Amino acid sequence: MTNPEIAELLRKVSAAYLILGENRFRIIAYDRAADSIEHLTSEVKDYWDDKKLEDIPGVGGGIASNLDELFRTGKSKHWVSVLGKVPEAIFPLLLVPGLGPKKAYALVKELNLTSAKTVIADLEKAAKAGRIAGMEGFGEKSQSVILEAIATYKRGAIKENRMPLPYADQIAREVMAHIQMGGNVEKINALGSLRRQVSTIGDIDIAVATNKPEEVLKHFLTFPHQKIIDRGPRGATMLLANGRQVDLRVQTPEAYGAMLQYFTGSKNHNIQLRSLALEKGLSLNEYGIKNVKTGKVKEYRTEEAFYEAVGLSYIPPELREDKGEIPAAKSGNLPDLVEAKDMRGDLHTHSSYDLQSSHDVGKNSIAELLTQADRLEYSYIGFSDHNPRANQPEAEIIEIMKKRRDAYDRAYEAWIQKNKSTLKFFLMCEVDILPDGRLALPEKAFTYVDAVIVSLHSAFTQERGQATKRLVTALTTNPKVRILGHPTGRLLGSREGVDADWQEVMSVAKKHDIALEINAYPDRLDLPDVLVYDAVKAGVKLSIDTDAHAAEHMLLMPYGVSVARRGWATKRDIVNCMDYNNFRTWLLKK
DNA sequence: GCCGTTTTCGGCCCGACTGTTTTCAGTCG
């Protein structure tokens with residue numbers, strides 16, 4: 001059973017308990033466990049194998065013993081019996097927006113909907129026939145709301161269409177620039193997942209501190225190519241021509257800190273924070289902090305002051321995911337996160353030099369990439385063109401690589417003469433990992449590179465054991481392999497990454513001192529943040545690279561840095577934060 | 001059912017919104 005399946009099962013049990021009138025904290029416990037399992041980076045089954053189910057946050061003795069039975073026998077008798085007490089037709093209805101367990105149960109019961117398969121269509125029929133309006137607790141309005149929700153559900157809007165962070169960031173910047181042009185803006189920030197720099201973003205939320213909310217809102221709504229959805233005294237919502245929704249919230253500067261904190265989330269971070277505050281007799285909300293005894297609400301201008309008021313140091317938004325940041329802030333052990341300015345080089349760039357690769361070559365010349373690296377004030381750059389097509393004679397490939405070495409050396413010398421820069425370069429190569437783990441570059445061709453990045457570009461659907469073996473083989477066959485490029489191979493919104501035993505891959509990477517890449521290319525953002533977190537904990541080194549296929553792509557580095565920050569990485573975890581000499585020693589293993 | 005640098009028992013996040021009610025239940029983030 002996979003993690004999503006287990007999470008779904010726990011949510012069903014929770015829903016059943018809710019209908020059955022079970023203790024509400026037991027219900028919350030099941031939801032929390034489901035939530036936790038959904039965000040886990042390892043398989044629950046692996047925890048079970050290791051007899052460590054109770055190490056999963058939110059899983060205690062009760063849920064663990066049922067999971068144990070589930071893995072041993074294929075089912076938990078207790079859960080089967082709980083689920084058996086409610087009609088199974090309610091479960092599909094929970095996916096319809098606005099329908100929770102109670103309403104779903106009432107509908108299924110009253111309208112006698114028995115088939116889980118057809119329940120949504122059946123409900124739609126009943127609503128159209130006007131049979132819902134007369135039910136107790138429902139009315140005309142809820143009947144039409146249900147019809148709309150079913151339509152939304154059918155359109156697939158339920159699976160929210162999230163966009164990669166860099167695209168959302170671009171849109172947000174444009175809208176924020178527009179808001180600022182209107183004036184009266186004291187402070188402006190993104191909110192929610194965008195502020196936390198999550199790799200995929202749903203809606204874009206923006207906050208403004210202002211003493212003239214009316215005017216800020218008015219100007220916001222003059223943004224071109226949009227449709228106004230909603231506006232009130234505290235905020236407004238518009239739909240852009242590209243189908244993206246943007247929310248603006250306004251607040252006075254005196255109370256801005258509390259609002260910023262509240263709407264930045266994450267939800268679980270805020271839940272933990274409020275629990276902690278409650279122990280101190282404080283109740284947190286979006287307007288400030290209430291003293292439970294006196295009922296007085298105090299406003300906060302900044303988040304720093306807000307966190308300080310609950311006894312914590314400031315927690316960077318990227319860490320607010322309930323992954324231990326609150327205890328760390330309490331004890332003063334928050335990591336000193338890597339910043340964009342710490343980057344000393346970009347190791348994964350593709351120039352337009354044609355070495356007869358089967359993949360894309362870059363758009364810009366060697367000189368143009370050197371110039372861009374210089375502009376970014378890097379100390380060094382790595383050129384990592386794709387390997388030559390592997391289906392040609394070995395001697396020819398070696399010859400291509402030899403020629404390439406000469407061409408790069410000459411181009412670099414010429415550029416240095418002209419530009420009087422101290423920029424250094426490494427001649428690398430991005431080598432395909434073949435399905436069996438061998439590398440798509442002959443052994444002898446390695447002579448003509450300083451180091452290589454190995455990457456998956458095919459066979460992404462291998463089963464776990466095979467994929468793991470493939471990666472391990474690739475990392476251990478040649479000492480010049482120094483980096484595993486875009487490790488999972490995922491493409492946001494279009495391709496799942498390869499399923500591998502990352503713990504195993506990381507332990508091999510650690511043993512051979514190989515870095516896992518955080519690829520900053522917008523659709524990749526790979527290694528994913530949750531695995532970065534594991535890598536940092538395991539002491540595995542990382543590199544952050546743009547995979548630039550054009551000079552302008554090198555500007556995308558900050559998105560890779562944001563992934564690293566979400567994984568709790570400091571600059572000591574990142575190889576290309578080292579100065580030239582140290583990095584050279586590391587790369588060349590001397 | 002879970003959980004613990006004030007607890008192994010006694011707590012458990014908070015408010016907005018909506019529609020149905022006449023004080024509240026359900027859902028959502």
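Proteins get letters first, then strands, A, B, ... in listed order; numbering begins at 1 in each. Predicted model, so just to flag it, every value in this text is computed and none were measured.
One can place CD1 of A/I28 at 14 Å from C1' of B/dC3, the figure rounded to the nearest angstrom. We find that CG of A/L93 is positioned 11 Å from P of B/dT27, with the value rounded to whole Å. Rounded to an integer number of Å, the gap from CD1 of A/I27 to C1' of B/dC13 is 16 Å. Atoms CG (A/D31) and P (B/dG1) sit 14 Å apart, rounded to a whole Å. Protein atom CD of A/Q251 is 14 Å distant from nucleotide atom C1' of B/dG15, rounded to whole Å. Nucleotide B/dG15 holds its P atom 14 Å from the CG atom of A/L273, rounded to whole Å. Between A/R24 atom CZ and B/dA25 atom P there is a gap of 12 Å when expressed in whole angstrom units. The CG atom of A/D247 sits 17 Å away from the P atom of B/dA16 (whole-angstrom rounding).
As rounded to the nearest Å, B/dC17 and B/dC12 have C1' atoms that lie 24 Å from one another. Atom name C1', nucleotides B/dT20 and B/dC14: the rounded distance is 23 Å, in whole Å. Comparing the C1' positions of B/dT8 and B/dC3 gives a spacing of 9 Å, expressed to the nearest Å. Comparing the P positions of B/dT6 and B/dC2 gives an interatomic distance of 23 Å, to the nearest angstrom. Comparing the P positions of B/dA16 and B/dT21 gives a spacing of 24 Å, expressed to the nearest Å. Look at the C1' atom in both B/dC13 and B/dT22: the space between them is 28 Å, to the nearest Å.
Using a 4.0 Å heavy-atom distance criterion, A/G61 is classed as a sugar-phosphate-only contact. Residue contacts for A/Y105: at a heavy-atom cut-off of 4.0 Å it reaches no nucleic acid atom on any strand shown. Residue contacts shown for A/Y287 are limited to sugar-phosphate atoms, with no base heavy atom under 4.0 Å away. If you check every strand for non-hydrogen atoms under 4.0 Å, A/S331 touches nothing. Among the heavy atoms of the strands lying under 4.0 Å from A/I63 are primed sugar atoms or P, OP1, OP2 only; no base atom is included.
Side-chain N/O atoms of A/Y262 include none lying less than 4.0 angstrom from OP1 or OP2 on B/dA16. The shortest distance between the side-chain N/O atoms of A/Y30 and the OP1/OP2 oxygens of B/dC2 is not below 4.0 Å. For B/dC13, neither phosphate oxygen OP1 nor OP2 lies less than 4.0 angstrom from any side-chain nitrogen or oxygen of A/N270. When the side-chain nitrogen and oxygen atoms of A/R274 are compared with OP1 and OP2 of B/dC13, none of them lie within a distance under 4.0 Å. Taking side-chain N and O atoms only, A/K102 has a distance below 4.0 Å to OP1 or OP2 of B/dG26.
Mapping A/G60 and A/K290 onto DNA chain B by nearest heavy atom places A/G60 at the nucleotide closer to the 5' end. Mapping A/K103 and A/V292 onto DNA chain B by nearest heavy atom places A/V292 closer to the 5' end of the strand.
Taking a pair to require two hydrogen-bonding distances under 3.5 Å in either a Watson-Crick or a G-U wobble arrangement, B/dG11 pairs with B/dC2.
Between A/D523 and A/R490 there is no salt bridge, since none of the side-chain N atoms of the basic residue sits less than 4.0 Å from a carboxylate O of the acidic one. Under a 4.0 Å N-O distance rule, the pair A/E321/A/R196 qualifies as a salt bridge. Here A/R320 pairs with A/E303 in a salt bridge; the nearest charged N to carboxylate O distance falls below 4.0 Å. The pair A/E88-A/K12 does not meet the salt-bridge criterion, since no charged nitrogen lies less than 4.0 angstrom from a carboxylate oxygen. The existence of a salt bridge linking A/K218 and A/E214 is excluded, since no basic side-chain nitrogen approaches an acidic carboxylate oxygen closer than 4.0 Å.
For the pair A/L284/A/F306, a side-chain contact is recorded, criterion being any heavy-atom separation below 4.5 Å from C-beta on. A heavy-atom distance below 4.5 Å is not found between the side chains of A/L123 and A/V96.
Within residues 65-82 of chain A, the residues having any heavy atom closer than 4.0 Å to DNA chain B are, in order of number, A/H78.
A syn base is found at B/dT7: its glycosidic angle is within 90° of 0.
In the displayed structure, A/K212 atom NZ is contacted under 6.0 Å by at most 12 heavy atoms of other residues, nucleotides or ligands. By the 6.0 Å contact criterion, CD on A/E140 is open, its count of non-hydrogen atoms from other residues, nucleotides or ligands being 12 or less. Open room surrounds CZ on A/R24; 12 or fewer heavy atoms of other groups in view lie less than 6.0 Å from it.
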Using a cut-off of under 3.5 Å, enumerate the N/O to N/O pairs linking the protein to nucleotides 5-12 of chain B.
none

Tabulated below should be each protein N or O lying under 3.5 Å from an N or O of nucleotides 17-20 of chain B; please produce it.
residue, atom, partner, partner atom, Å
B/dT20, OP1, A/G139, N, 2.5
B/dT20, OP1, A/S142, N, 3.3
B/dT20, OP1, A/S142, OG, 2.8

- [ ] Using the side chain to side chain donor-acceptor pair (under 3.5 Å) rule, take A/T488 and A/D526 through it: C-alpha gap first, then chi angles, then the decisive distance, then the call.
- [x] CA-CA 7 Å; A/T488 76; A/D526 175 17; 3.1 Å; yes

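Remark: A/T264 OG1 to A/M259 CE distance equals 8.5 Å, nearest 0.5 Å.
The aromatic rings of A/F223 and A/H178 sit perpendicular, their planes meeting at an angle over 60°, well past the 30° parallel limit.
A cation-pi arrangement is present between A/K323 and A/Y533 under the rule of less than 6.0 angstrom and at most 45 degrees off the ring axis.
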